[in-house]
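Here's the structure we're looking at; comments come further down.
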Amino acid sequence: MNNRTYLPGRYVLYRMQASVRITNNQALFHAIRLANELNLPLKVVFRLDASFPEANYRHFEFLIQGLKDFASGVSLLGCEFEIRTGTLEEAFLEPLSNAACVVTDKGYLRIQRDWSGWLGEHAPCKVIEVEDNLIVPVESASHKGEWAARTLRPKITDKLPYFTSELEDEIPVLTCRKEASPELSALNERILTSTLEKLRSDAWLIPVAMKGGEQEANRLLDVFVKDKLASYDNDRNDPSLVATSRLSAYLHFGFISPVEIWKAVEKYPESAPFIEQLVVRRELAHNYIWFTKNYDSYNSLPEWSRKSLELHEPDKRPFVYDLNLLEEAATHDASWNAAMREMIQTGFMENTMRMYWGKKLIEWSATPQEAYHRMSYLNNRYFLDGRDANSFTGIGWCFGLHDRPWQERSVFGMVRYMNEAGLYRKYNMNAYIGKWS
DNA sequence: ATCGGCTCGCGCAA
DNA sequence: TGCGCGAAGCCGAT
């Protein structure tokens with residue numbers, strides 16, 4: 001990431017940000033191997049940034065559960081783990097000043113790229129970035145923003161065998177081990193507690209039942225492979241069933257590696273539709289945010305769909321709702337209200353309903369731009385997997401991104417339309433609505 | 001119940 | 001330059 005050299009230092013520093021896990025954490029593994037080569041201990045630092053845009057209590061509670069999980073796991077490896085708060089300078093200048101070199105994991109969001117850029121610039125020593133939250137690294141998959149899944153798919157499938165065969169799964173043994181210091185773990189604990197306390201008053205939202213951390217992620221993966229994979233293709237779209245892996249939030253925080261998921265499912269012949277989601281669709285989402293500067297703005301949507309939506313901006317909407325009415329799940333549409341309640345109560349929504357929910361927001365907002373803002377706001381506020389590549393791309397899809405045009409109609413123009421009758425025709429909507437009433 | 005048409009632009013084949 | 005094709009659609013005709 002920078003052209004600097006190894007320095008005489010007290011430790012190798014692993015700056016953990018996007019991969020909060022021990023299992024298949026290639027950045028951590030690389031840092032351990034490097035520490036062994038240099039005959040130095042390893043220090044892991046995570047910066048907990050309570051001012052992360054749009055993050056609130058529920059996101060931090062989930063993340064902090066994962067950090068606690070990591071802390072107990074990493075202490076067994078014999079390395080020091082420190083959670084630091086404050087600005088980048090406050091968090092990193094001191095740890096950087098004693099580092100021989102730095103290893104960091106890779107994030108794809110604009111803010112994560114900015115942080116990594118800062119690290120590359122401000123570290124006096126060598127900084128190495130390890131990409132371990134995609135199976136095929138984003139720039140290896142494609143050198144440009146792809147038009148749709150079908151243009152990326154062949155590129156990904158060609159490279160998948162290579163990127164699933166090279167990786168080491170065994171955690172390397174650290175040579176210079178350090179006993180976990182009780183003072184440091186007490187300090188970490190205080191930081192976690194005070195961050196949550198602050199957010200509890202600032203940005204309180206109903207707590208969700210989903211529990212963060214890599215242990216829970218691994219448990220969900222086991223449940224999925226054992227009980228759901230066989231019927232996944234058949235049941236995944238029915239929102240009344242719990243037929244999907246529900247691992248998206250765990251992937252978002254790096255509690256689980258996509259490679260680990262791939263390894264758990266690939267041996268089953270019925271895994272193809274799931275792998276399409278895990279690999280092709282997920283890589284496409286990352287391709288979009290990586291190659292599109294303003295991936296979170298209406299103006300980055302494809303030209304054909306924006307033009308078409310704007311042409312139909314004067315069209316009369318059948319219903320126009322204020323944001324507070326939407327947030328209260330108080331529309332005329334029982335399916336939509338149920339989806340909104342699922343989102344608020346659980347921080348999650350089944351994929352079919354994410355699409356339907358988004359399409360209706362377009363229909364019930366005065367302009368497509370307003371619909372885009374509302375969709376982004378609600379996604380980021382309530383979903384545990386919000387502010388993720390998949391989330392931004394999913395919002396875009398509702399507006400025609402990575403999709404094709406359809407017969408022109410009111411309000412939507414040529415952007416794909418969905419209606420409630422379609423849901424009732426295909427799925428058990430009464431069961432779904434009953435679940436969230 | 002099933003089926004064609006709708007519509008744009010990419011990328012491959014020619 | 002032409003042509004096939006595409007994350008989950010809808011709608012009207014048969």
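So you know, we letter chains A, B, ... as the sequences are listed, proteins then strands, and number each from 1. Keep in mind that the numbers below use all heavy atoms, side chains included, and drop hydrogens, waters and symmetry copies.
Comparing B/dG11 with C/dA8, their C1' atoms sit 24 Å apart, to the nearest whole Å. Taking the P atoms as reference points, C/dC5 lies 14 Å from B/dA14, given to the whole Å. B/dG5 and C/dG4 have their P atoms separated by 14 Å, with the value rounded to a whole Å. With C1' as the reference atom, B/dC12 and C/dA7 are 22 Å apart, rounded to whole Å.
Nucleotide C/dG4 holds its P atom 14 Å from the CZ atom of A/Arg404, rounded to whole Å. Here C/dA7 presents its P atom at 15 Å from CG of A/Asp233, a figure rounded to the nearest Å. Atom pair A/Arg425:CZ and B/dT2:C1' shows a separation of 12 Å (rounding to whole Å applied). Taking atom CH2 on A/Trp147 and atom P on B/dC8, their separation rounds to 11 Å, with Å as the unit. Rounded to whole Å, atom C1' of B/dG9 lies 14 Å from atom CD of A/Glu146. A/Arg150 has its CZ atom 5 Å from the C1' atom of C/dG6, to the nearest Å. What separates CZ of A/Phe274 from P of C/dA8 is a distance of 20 Å, to the nearest Å. Atom P of nucleotide B/dT7 and atom CG of A/Asp403 are separated by 15 Å, given to the nearest angstrom.
At C/dC11, one or more side-chain N or O atoms of A/Arg409 fall inside 4.0 Å of OP1 or OP2 (strictly under the cut-off). Of the side-chain N and O atoms in A/Asn419, one or more sit less than 4.0 angstrom from OP1 or OP2 of C/dC10.
A ring-centre distance under 6.0 Å is found for A/Phe224 and A/Tyr232. Separation of the A/Phe62 and A/Phe255 ring centroids falls under the 6.0 Å cut-off. Checked against a 6.0 Å centroid threshold, the rings of A/Phe348 and A/Phe383 do not count as neighbours.
In the displayed structure, A/Lys435 atom NZ is contacted under 6.0 Å by more than 12 heavy atoms of other residues, nucleotides or ligands. Residue A/Asn299 places its CG atom among more than 12 non-hydrogen atoms of other residues, nucleotides or ligands, all under 6.0 Å distant.
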**Study point:** Pair assignment for DNA chain C - dot-bracket with | for other-strand partners, Watson-Crick or G-U under 3.5 Å
**Key:** ||||||..||||||
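Closest to the side chain of A/Gln277, from the set B/dC8, C/dA8, C/dG6, is C/dA8. Closest contact between the side chain of A/Tyr417 and the listed nucleotides B/dG11, C/dC11, B/dC6 involves C/dC11. Looking at the side chain of A/Lys144, the nearest of the listed nucleotides B/dG11, C/dA7, B/dC6 is B/dG11. With distances taken from any side-chain atom of A/Trp406 to the nucleotides B/dG11, B/dC6, C/dC10, the minimum falls on B/dC6. Side-chain proximity of A/Asn237 to B/dC8, B/dC10, C/dA8: nearest is C/dA8. Of the listed nucleotides (B/dG5, C/dA7, B/dG9), C/dA7 has the atom at the smallest distance from the side chain of A/Arg416.
For the pair A/Arg113 and A/Trp118, the NZ or CZ position fails the cation-pi test of under 6.0 Å to the six-membered ring centre and within 45 degrees of the ring normal. Remark: A/Arg110 is positioned above the aromatic ring of A/Tyr295, its terminal NZ or CZ atom under 6.0 angstrom from the ring centre and at most 45 degrees off the axis.
No contact: A/Glu276 has no heavy atom under 4.0 Å from any strand. The residue A/Met414 sits close only to the backbone: its heavy atoms come under 4.0 Å of sugar-phosphate atoms, none of a base. Contacts of A/Ala149 with the nucleic acid, taken as non-hydrogen atoms under 4.0 Å apart, involve only primed sugar atoms and P, OP1 or OP2.
A salt bridge is defined here as a Lys NZ or Arg NE, NH1 or NH2 lying under 4.0 Å from an Asp or Glu carboxylate O, and A/Lys228 with A/Asp235 fails to meet this definition. Between A/Glu82 and A/Lys43, at least one side-chain nitrogen of the basic residue sits less than 4.0 Å from a carboxylate oxygen of the acidic one, meeting the salt-bridge criterion. Salt bridge A/Glu350/A/Arg354: absent, no basic N to carboxylate O contact under 4.0 Å.
When the options A/Asp132, A/Asp105, A/Asp69 are evaluated for a salt bridge (charged side-chain N to carboxylate O under 4.0 Å, His left out) with A/Arg21, the one that passes is A/Asp132.
If you check residues 288-310 of chain A against DNA chain C, you find no residue with a heavy atom closer than 4.0 Å.
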